[in-house]
Amino acid sequence: TTTVEAAGVQNTTIIVKAGEVYDGKGARFIAGSALGDGSQKEGQKPIFRVENGGTLKNVVLGYPAADGVHTYGNATLENIVWEDIGEDAMTIKESGTVTLKGGSATNGDDKMFQINAASTFKVSNFKGSKAGKFIRQLGGSTFKVNVTIDNCDISDMKEAIFRTDSSTSTVKMTNTRYHNVGTKFIGVKNITESGN
Ligand code: DGU
Ligand code: CA
Ligand code: CA
Ligand code: CA
């Protein structure tokens with residue numbers, strides 16, 4: 001299924017239902033005040049919610065982007081451009097494999113990608129710049145997250161590329177260019193790197 005809703009100011013979250021493909025064809029979305037102001041205030045709503053097996057592609061999120069994109073289960077995110085990061089850009093809310101390929105994100109105060117459930121997060125061919133952390137596993141959580149970063153360009157992170165408090169979480173970073181990222185990995189016990 002391909003659904004393109006009207007682009008522009010969103011005052012309700014757009015839901016990409018289980019198994020559905022949502023192709024924005026390059027349309028640009030921003031959050032209305034009902035979703036949030038894109039500040040560091042918690043509890044803002046996402047512009048997109050992607051349910052299990054859903055695909056979101058070819059969309060631009062502009063300022064203010066509120067709580068960005070939330071995923072529930074397995075999700076594919078392709079060519080998503082965050083012109084600005086709101087409270088955060090994307091959150092894994094429920095366990096699954098989340099694959100993010102292509103696109104970019106910039107201008108965040110703290111987290112770019114927030115992981116709130118045991119999951120596999122695969123990011124490739126993505127450019128991330130100007131935030132606190134490229135990826136943050138929920139503070140204090142001990143579930144396992146497997147992160148793979150391939151062919152990315154990561155720059156200007158105040159703190160880290162991936163920060164976790166879980167001794168079981170892992171990261172594999174390959175063929176990635178990075179610059180000014182603070183401490184590359186914080187709290188990660190299992191690190192594999194090549195070609196960076
Ligand atoms: O106390 O639960 O920042 O999903 C901390 C909060 C925080 C989350 C997270 C998020 O970890 O709200 O945006
Ligand atoms: Ca937050
Ligand atoms: Ca958030
Ligand atoms: Ca921002």
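Both counts, for ligands and for their atoms, begin at 1 and track the order of listing. What you see is a predicted model, and the numbers here were worked out from it, not measured in a lab.
Aromatic ring orientation, Phe29 versus Phe48: perpendicular (interplanar angle above 60°, classes split at 30° and 60°).
Distances below 4.0 Å separate heavy atoms of Asp88 from the following atoms of ligand 1: 10 (C), 13 (O). Using a 4.0 Å cut-off to heavy atoms of Leu138, the atoms of ligand 1 that qualify are 11 (O). Every atom of ligand 1 is numbered from 1 in the order shown, and the set under 4.0 Å from a heavy atom of Glu87 is 13 (O). The ligand atoms of ligand 1 that sit less than 4.0 angstrom from a heavy atom of Lys111 are 3 (O).
Taken together through direct or relayed side-chain contacts under 4.5 Å among Ile, Leu, Val, Met, Phe, Trp and Tyr, Met112 and Val81 form parts of separate hydrophobic clusters.
The side-chain heavy atoms of Glu83 and Arg28, taken from C-beta on, include a pair separated by under 4.5 Å. With contacts defined as side-chain heavy-atom distances shorter than 4.5 Å, the pair Trp82/Val69 qualifies. The shortest side-chain heavy-atom distance between Ser119 and Val145 falls under the 4.5 Å cut-off. The shortest distance between side-chain heavy atoms of Thr71 and Met90 falls below 4.5 Å. Contact check for Phe121 versus Ile115: side-chain heavy atoms found under the 4.5 Å cut-off.
The nearest heavy-atom contact from the protein to atom 4 (O) of ligand 1 is Asn116 ND2, 3.0 Å. Remark: minimum distance from atom 8 (C) of ligand 1 to any protein heavy atom is reached at Glu42 OE1, 3.8 Å.
Glu42 contributes atom OE2 as its closest N/O/S atom to the Ca ion (ligand 2). If you look at Asp88 and ask which of its N, O or S atoms sits nearest the Ca ion (ligand 3), the answer is OD2. Distances from the Ca ion (ligand 3) to each N, O or S atom of Asp67 single out OD1 as the nearest.
Residue contact annotation: Glu87 places an N/O/S atom under 3.0 Å from the Ca ion (ligand 2).
Of all heavy-atom pairs spanning Ala66 and Lys45, the tightest one is CB-O, 3.2 Å.
Residue Ile161 holds its CD1 atom at 4.0 Å from CD1 of Ile154, rounded to the nearest 0.5 Å.
Under the 4.0 Å distance rule, the nearest protein heavy atom to atom 1 (O) of ligand 1 falls outside the cut-off. For atom 6 (C) of ligand 1, the protein comes within 4.0 Å by no heavy atom at all. Protein heavy atoms come within 4.0 Å of atom 10 (C) of ligand 1.
Neither the backbone nor the side chain of Asp67 comes within 4.0 Å of ligand 1, counting heavy atoms alone.
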